Amino acid sequence: MTSTERRLSADQPDSPGATSRPGRWLALAVLVLAVLLVAVDATVLGLATPFLSEDLKPSGTQLLWIGDVYSFVIAGLLVSMGSLGDRIGRKKLLLTGAVAFGAVSVLNAYATSPEMMIVARALLGVAGATLMPSTLALIRNIFHDAKERSLAVGIWGAAASAGAAVGPVVGGFLLENFWWGSVFLINLPVMAVLVVVGIKLLPESKNPRPGPWDLLSVALSLVGMVAVVYAVKEAAVHGFRWDIAAAAVVGVAALYWFVRRQRTLPSPLLDMRLFQHRGFSGAVLADLLTILGLAGLVFFLSQFLQLVQGRTPLNAGLIELPAAVGAVAAGLSAGYLARKVSVRSAVAVGLLAVGLALAACTLMTADTGEVALGLALFLGGLGAGLAFTVTADVILSSVPKEQAGAASAVSETAYELGAALGIALLGSIVTGIYRGFPVPAGVPADVSAAAHDSLGGAVESATDLPQEQAAALLAAARDSFTDGFQTAALVGALVLFATAVAAWFMLKGQKLEEGVEH
């Protein structure tokens, strides 16, 4: 069956009159609610980290795991969940995942140990893996007019970016008035609205001839992704050891087997032929490297604003708000700009803007003011909104509708894998440089160990020292953390500049669709 025939046969119940579906924008509002929830949840944790550290007392390594295990699990399951949605129905998967997401949020809120928190975050990742690919795939099947779909994808992307920036504001308010678990409980009313309204408004869509869901492929995808990312993370923190090398070998072998198996299955979990489309591959690579450059830095930005600059959680959240403004503005205009100029120009300019924002972070110190911080974050949000929205549109336009879930999952996997690798690699740069700071004479060994473990540990342990000694310890710790933050920002900027060049070549000749599908 040809690609055109597959497009015509896919989702037949939804095709007639789909371009004039009266409830399509209300349905989009429900999908945006889900995106906002996942995006807010991903960033609000960074703001809560100092409070969580004080309560649960995780080690530096445990803190990194709490931060990135959510992304690890999502990255390992997205392809499987995207393919499952294509098979059983994207609406069904989305609503089931939403209920699970709300339930597991309660477990996160009432975690009593670092280990319990890591497990709870992992389970939240399982639920989260059902949400993102379902939302983007449903957009592909609800909006058949290419220009309308570009606007819908722009709203979707703006919500994802805005949620990431609004998360710290919401979190800041909650943390100043309640305990850190409240940042997870806020998910419950949002999930309730999503499920009740989604049942009424969302149309069901799926592949009419999906084939069986291959459980071996699911296992290979999960084992491969988690093992590889684990190996990268551990090697960055501890150097190469035999167990880390073994994890890397297992992960690479599992992914190789996964790819080989997909090429032989009549109904693969992921159609590897998608990557033969240069625009698809270029868009996925741009997503992966962009978020890699951003994620690690964003994870530590909230700590920098609170623990180095001494801002309150709410003030730190408001400082990050210009990123949301830039992302929304760029997301809503991205489709128009990409059609007026070109896809590769829009993506490359967006990536360069993010790179410049990261480069500006190399100049940030404890005395950097709100205006400079806001301008840098606005530029970063503007660039990210432009690049992510156009690449999402390219990915959706490159595949027939019945593969929308799998293609969306590839896009989201790149995003989540980039986030996990960014936190692991750039986070390890920050941590590695931070741990080298000199401790003032006379500081007890246990206090020194706690201070070197994390900046949050230094702030907490300094309360037991004489005032002058505590001030010297905190000054050294904050200076060292700032050095690590600036170095990670420089590495992130270089990654983004290189990605902009790669996108310029890989997206050459790529265009967004025009007109209406029939």
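All values reported here derive from a predicted model rather than from experimental measurement.
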Does the side chain to side chain contact (heavy atoms under 4.5 Å, CB included) test come out yes or no for Val73 and Arg121, once each step is laid out?
-> CA-CA 9 Å; Val73 174; Arg121 289 288 289 170; over 6 Å; no

With sequence neighbours left out, what residues match Ser461 under side-chain hydrogen bond (donor to acceptor under 3.5 Å, both in side chains)?
-> none

Donor-acceptor pairs under 3.5 Å, side chain of residues 109-119 to any protein atom, not counting sequence neighbours: which ones?
from   : atom 1 : to     : atom 2 : distance (Å)
Ser113 : OG     : Met116 : N      : 3.1
Glu115 : OE2    : Gln62  : NE2    : 3.1

Pairwise distance CG(Leu474) to CG(Asp479) - rounded to 0.5 angstrom = 10.5 Å

Over all atoms of both residues, closest heavy-atom pair of Trp504 and Ala348 = CE3-CB, 4.2 Å

Would a distance-only check, ignoring hydrogens and angles, find a side-chain to backbone donor-acceptor pair under 3.5 Å from His452 to Ala458?
-> no

Quick one: CD on Gln262 to CG on Leu220, what's the gap to the nearest 0.5 Å?
-> 8.0 Å

Closest approach of Ala286 to Thr391 (non-hydrogen atoms, all atoms of both residues) | CB-CG2, 4.2 Å

Just wondering, do Leu496 and Leu352 contact through their side chains at under 4.5 Å, heavy atoms?
-> no

Taking the side chain as every heavy atom from C-beta outward, state whether Phe388 and Thr290 have any atom pair closer than 4.5 Å.
-> yes

Under 3.5 Å donor-acceptor, Arg344 side chain and Leu507 backbone = no

Decide yes or no for Leu124 and Ser105: does some side-chain heavy atom of the first lie under 4.5 Å from some side-chain heavy atom of the second?
-> yes

The reported gap from CG in Leu285 to OG1 in Thr499 (rounded to nearest 0.5 angstrom) is 6.5 Å

Hey, is the main chain of Phe258 close enough, under 3.5 Å, to the side chain of Ser217 for a donor-acceptor pair?
-> no

Nearest non-hydrogen partners of Ala488 and Val430, listed with the distance = CB-CG2, 3.7 Å

Any chance you could measure Leu56, atom CG, to Ile66, atom CD1, to the nearest 0.5 Å?
-> 6.0 Å

Does a side-chain heavy-atom distance below 4.5 Å link Phe184 with Val106?
-> no

Should Thr365 and Gln486 count as side-chain neighbours, where that means a heavy-atom distance under 4.5 Å?
-> yes

Pairing residues for Tyr256 by the side-chain hydrogen bond (donor to acceptor under 3.5 Å, both in side chains) criterion, not counting sequence neighbours = Arg260

Side chain to side chain donor-acceptor pair (under 3.5 Å): pairs with one or both residues in residues 347-358, sequence neighbours excluded = none

Got Val447 and Leu473 here, is their nearest side-chain heavy-atom distance under 4.5 Å?
-> yes

Counting N and O atoms only, with roles assigned by atom type, does the side chain of Ser480 sit under 3.5 Å from a partner on the main chain of Tyr434, one being a donor and the other an acceptor?
-> yes

Arg478 (side chain) donor-acceptor with Leu307 (main chain) under 3.5 angstrom = yes

Verify, without hydrogens or angle tests, whether Thr130 (side chain) and Ala127 (backbone) share a donor-acceptor contact under 3.5 angstrom.
-> yes

What distance separates Leu94 CG from Leu31 CG, expressed to the nearest 0.5 Å?
-> 6.5 Å

Phe497: partners by ring pair (Phe, Tyr, Trp, His ring centres under 6.0 Å), with sequence neighbours left out | none

Are side-chain heavy atoms of Val99 and Leu95 found at a separation under 4.5 Å?
-> no

Least distance between heavy atoms, Val390 atom then Ala346 atom = CG2-CB, 4.1 Å

Determine, step by step, whether Leu373 and Leu305 satisfy the side chain to side chain contact (heavy atoms under 4.5 Å, CB included) criterion, reporting the C-alpha distance in whole Å, the side-chain angles of both residues, the deciding distance to 0.1 Å, and the verdict.
-> CA-CA 10 Å; Leu373 288 165; Leu305 293 173; 3.9 Å; yes

So Leu84 and Val218, side chain to side chain contact (heavy atoms under 4.5 Å, CB included) or not? Walk me through it.
-> CA-CA 10 Å; Leu84 182 62; Val218 173; over 6 Å; no

Residues Val250, Val228; criterion side chain to side chain contact (heavy atoms under 4.5 Å, CB included); working and verdict = CA-CA 8 Å; Val250 169; Val228 166; over 6 Å; no

So do Val308 and Leu455 actually touch side chain to side chain, heavy atoms under 4.5 Å?
-> yes

Shortest non-hydrogen contact between Ala98 and Leu194, atoms and distance = CB-CD2, 3.9 Å

Does Ala120 offer a backbone N or O that forms a donor-acceptor pair with the side chain of Asn108 under 3.5 Å?
-> yes

Heavy-atom closest contact (Ala254 atom, Val223 atom, distance) | CB-CG1, 4.2 Å

For Phe304, ring pair (Phe, Tyr, Trp, His ring centres under 6.0 Å) partners two or more places apart | Phe485

When rounded to the nearest 0.5 angstrom, what is the spacing between CD1 in Ile88 and OG1 in Thr96?
-> 6.5 Å

